[in-house]
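Have a look at the structure below before the remarks.
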Protein chains: 2
Amino acid sequence: MIARREVILEALGQAHELEALQDSIVRLRDHFRVDHLVYHWVSSNGEQYGCGTYPDAWVQRYLDKDYLRVDPVIIGCFQRFHPVDWKRLDWSSKAARGFQADAIAHGIGNQGFSVPIRGPIGQFALFTASHHCSDEDWARFTASNRRDLILIAHEFNQKALELEPGRSQEQSRALSPREIDAMTLVAMGYSRAQIADTLSISEHTLRVYIESARSKLGALNTTHAVAKALSRGLIVV
Amino acid sequence: MIARREVILEALGQAHELEALQDSIVRLRDHFRVDHLVYHWVSSNGEQYGCGTYPDAWVQRYLDKDYLRVDPVIIGCFQRFHPVDWKRLDWSSKAARGFQADAIAHGIGNQGFSVPIRGPIGQFALFTASHHCSDEDWARFTASNRRDLILIAHEFNQKALELEPGRSQEQSRALSPREIDAMTLVAMGYSRAQIADTLSISEHTLRVYIESARSKLGALNTTHAVAKALSRGLIVV
DNA sequence: ATTACCCTCCCCTAAAATAGCGAGGGGGTG
DNA sequence: CACCCCCTCGCTATTTTAGGGGAGGGTAAT
């Protein structure tokens, strides 16, 4: 059994196309004997990418209804560190109940277990196993497969990023050391006079750094440059 | 062998104090037969928490020298998704070379493998295995233990968060909806006139929002407030 | 009903940001 | 060697923002 999972992961490792990912996820679903296995990427600007065994009708409905903003799985996992059973999420809101009913009507199953995955600049993805069974059976399943699901989530995310590198790149010209110093102190709230003093340079020179950083980052003003530098992980405050 | 790892993880699961974490990490190090195993938490405000087998002298030096800003492991993993071997990091800068020499002088070992872990609002932690051996031996080690290290990193992070919940909470007074609107647009680089226009309020009113947000965040100025709001995940750009 | 917070508007002055012009030395790379 | 980028500094000018007041009306909870 374990050997078979390894074989599938091996195939995943050798996948060179997105179709192969889809193939792997179907086989993993069959291996785990669950109704659905889904990988769901959510970009910070709201873009989505999905891959899994959900019926097309449900995927389309999810997109049409903009369920991303309602889905308690997304909302819950977005503010959580660790894998979570769907039962522990907050399904109390009216929108959530409607969503839940719609999901079950599309055959999604009453049980679920989702692993959140995060990237450097707010990237967010979910790997979810979903099934239709009793609470007891699901508890047994998650207890024995929790670690495997975490690992597969990682492998899957890595592969998905390799195959669609556009999402992970978005690289920007790096800032020079002095620019990083300057922007870091700016982000820390110090005035230009204080920063110039701290860096032992003239205030005018400081302005040159800030301006060149702003220009490199394609920012509209200093505050925007700080926001971009922070988002891109170029500075840490 | 595997059974023993399970036993240690089991003990980790039952740990109720930070000392038990320290104990677990030592035992895991012995199990993996590496020089060092380290869990390193970095808060968005620069606070650090460490736990592992590095010598005290090195930990102290790391803090004293503010190596956090130089350490290529931190910098590299901060902008990466996946576990990484230290050899694939950028050690070319002068500061990095000095850091590397200092680390080796403190017995840190020439090989390393670090697993980045991330939380909802920019929380960042590293789980690192470090050793002194040849490239070939290290490649063999990482190939066969990569998945275990990822899992342990997760378990460890979860446990560390449970035991010191203060770090995961760090709650700040939430911003009002209007303040979030204002700060989001400020972070996006628009001028106050544009923002006031967008929000259909007077520019003076807009200033009040920015000022109250700044006050709530305990920020020194608007840029600082944007940086804090971003770091705390109060706004998303 | 008192308190507290949110939203909206207006005034002020001083500081900062932006923009343009210029200059020179140092360090790598083609 | 030239070229480009990094670092450093100078000047002037205009526009924008910052941060401090005060003030009224709304809502929601205590």
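A, B, ... follow the sequence lines: proteins, then strands. Residue 1 opens every chain. From a predicted model like this one, the values you see are computed outputs, not experimental measurements.
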Short side-chain N/O contact to C/dC10 OP1/OP2 from B/Thr205, under 4.0 Å: no
Separation of atom CD1 in A/Ile210 from atom P in C/dA17, rounded to whole Å: 6 Å
For atom CG of B/Asn221 and atom C1' of C/dA15, their distance in whole Å: 11 Å
Distance in angstrom units between A/Leu199 CG and D/dC9 C1', rounded: 15 Å
Side-chain N or O of A/Thr222 closer than 4.0 Å to phosphate OP1/OP2 of C/dT18: yes
Distance, rounded to the nearest Å, where B/Glu211 contributes CD and C/dC11 contributes P: 19 Å
Euclidean distance, atom CG of residue A/Leu217 to atom C1' of C/dT18 [Å, nearest integer]: 17 Å
Carboxylate-amine/guanidinium contact B/Asp85 B/Arg88, below 4.0 Å: no
Carboxylate-amine/guanidinium contact A/Asp181 A/Arg178, below 4.0 Å: yes
Short side-chain N/O contact to C/dC9 OP1/OP2 from B/Ser202, under 4.0 Å: yes
Contact nearer the 5' end of DNA chain D, comparing A/Glu179 with B/Val208: A/Glu179
Residue-phosphate contact under 4.0 Å: A/Ser176 side-chain N/O, D/dC7 OP1/OP2: yes
Within 6.0 angstrom of A/Asp64 CG, more than 12 heavy atoms from elsewhere: yes
Phosphate-side-chain proximity, A/Arg178 and C/dG26, N/O vs OP1/OP2 below 4.0 Å: no
Any N/O donor-acceptor pair, B/Arg207 side-chain to D/dT17 base, under 3.5 Å: no
Sugar-phosphate only, base, or nothing, as touched by B/Ser191 at under 4.0 Å among non-hydrogen atoms: sugar-phosphate
Beyond-backbone contact of A/Trp86 with A/Pro72, side-chain heavy atoms, under 4.5 angstrom: no
Phosphate OP1/OP2 of D/dG20 contacted by B/Arg214 side-chain N/O (<4.0 Å): yes
Contact under 4.0 Å: B/Tyr209 side-chain N or O vs C/dT8 OP1/OP2: yes
5′-ward residue of the pair A/Tyr190/A/His204 relative to DNA chain C: A/Tyr190
Between A/His132 and A/Gln111: side-chain donor-acceptor atoms closer than 3.5 Å: no
Euclidean distance, atom CD1 of residue A/Ile201 to atom P of C/dG25 [Å, nearest integer]: 20 Å
Rounded distance (Å) that lies between atom C1' of D/dT16 and atom NE2 of A/His224: 17 Å
OP1 or OP2 of C/dA17 under 4.0 Å from side-chain N/O of A/Arg192: yes
Sugar-phosphate only, base, or nothing, as touched by A/Leu206 at under 4.0 Å among non-hydrogen atoms: nothing
Short side-chain N/O contact from A/Lys216 to OP1 or OP2 of D/dC5, under 4.0 Å: no
Nearest-angstrom distance from the residue atom CG of A/Leu175 to P of D/dC6: 10 Å
Salt bridge (charged side-chain N to carboxylate O under 4.0 Å, His left out) between B/Arg207 and B/Glu203, intermediate numbers included: CA-CA 6 Å; B/Arg207 288 187 207 177; B/Glu203 192 184 327; 3.7 Å; yes
